[in-house]
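Predicted model, so just to flag it, every value in this text is computed and none were measured.
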Amino acid sequence: RCANSDREILLADWLNAVVYEMATRRMIFSRFHVEIAEDGTLSATAAGEPVDVARHSPAVEVKGATLTELAVKQREDGLWIAQCVVDV
């Protein structure tokens, strides 16, 4: 496998930022708006709610994104697919 591209590393970095926000704010996020500028700068807004253990029943806590199976690809129809294995 060839080295990860800039967009794949950007995905991992962003996921790690989301994991950090989840842990420090004790929130679960469910909606995201992400934009990547021509210069590669990522800006995003996340919406969610405080964790309610009884309602959300979290099984594990995500610790961070890994480079395992990290991929960002554009499909022929123009949609993007992103994948990443996370450490729990």
Side-chain angles (χ1 to χ4, degrees):
R1 176 166 162 91
C2 55
N4 296 107
S5 71
D6 288 344
R7 65 180 176 234
E8 291 166 334
I9 298 302
L10 185 61
L11 171 64
D13 288 346
W14 179 71
L15 289 173
N16 282 324
V18 170
V19 168
Y20 173 80
E21 293 298 325
M22 288 173 58
T24 59
R25 296 175 187 263
R26 303 184 60 99
M27 292 188 68
I28 291 181
F29 297 107
S30 58
R31 292 180 310 278
F32 303 92
H33 178 82
V34 180
E35 292 183 14
I36 300 174
E38 289 293 323
D39 67 358
T41 304
L42 184 147
S43 62
T45 303
E49 61 187 285
V51 174
D52 177 345
V53 175
R55 190 168 137 238
H56 297 120
S57 302
V60 296
E61 181 178 346
V62 175
K63 292 181 175 52
T66 71
L67 300 183
T68 304
E69 298 296 321
L70 184 61
V72 177
K73 299 175 186 168
Q74 189 170 23
R75 299 186 330 188
E76 288 183 18
D77 63 3
L79 293 176
W80 287 85
I81 301 295
Q83 71 179 28
C84 179
V85 173
V86 295
D87 186 19
V88 294

Quick one: side-chain hydrogen bond (donor to acceptor under 3.5 Å, both in side chains) partners of Gln74, sequence neighbours excluded?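 Per chain and number, Gln74 pairs via side-chain hydrogen bond (donor to acceptor under 3.5 Å, both in side chains) with no residue.
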Enter the distance from [X]:[atom1] to [Y]:[atom2] here, rounded to the nearest 0.5 Å.
X     : Y     : atom1 : atom2 : value
Met22 : Glu61 : CE    : CD    : 8.0 Å
Asp87 : Lys63 : CG    : NZ    : 6.5 Å
Thr45 : His33 : OG1   : NE2   : 6.5 Å
Ser5  : Leu11 : OG    : CG    : 9.5 Å
Leu70 : Ile9  : CG    : CD1   : 6.0 Å
Ser43 : Ile36 : OG    : CD1   : 9.0 Å

Quick one: do [X] and [Y] end up in the same hydrophobic cluster if we chain Ile, Leu, Val, Met, Phe, Trp and Tyr together by side-chain heavy atoms under 4.5 Å apart?
X     : Y     : answer
Leu15 : Val85 : no
Leu67 : Trp14 : yes
Val34 : Val18 : yes
Phe32 : Met27 : yes
Leu79 : Val72 : no

Just by modelled atom types, is the Ala65 backbone N or O under 3.5 Å from a matching donor or acceptor in the Asn16 side chain?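 Checking the backbone N and O of Ala65 against the side chain of Asn16, a donor-acceptor pair under 3.5 Å is found.
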Tell me whether Glu69 contacts the main-chain N or O of Gln83 through its side chain, where contact means a donor paired with an acceptor under 3.5 Å.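 Side chain of Glu69 to backbone of Gln83: no pair is present.
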Taking atom OH of Tyr20 as the centre, does the number of heavy atoms from other residues, nucleotides or ligands within less than 6.0 Å exceed 12?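 Counting other residues, nucleotides and ligands, OH of Tyr20 stays at 12 neighbours or fewer.
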Identify the heavy atoms of Val19 and Gly64 that sit nearest to each other, and give their distance.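 For Val19 versus Gly64, the nearest heavy atoms are CG1-N, 4.2 Å.
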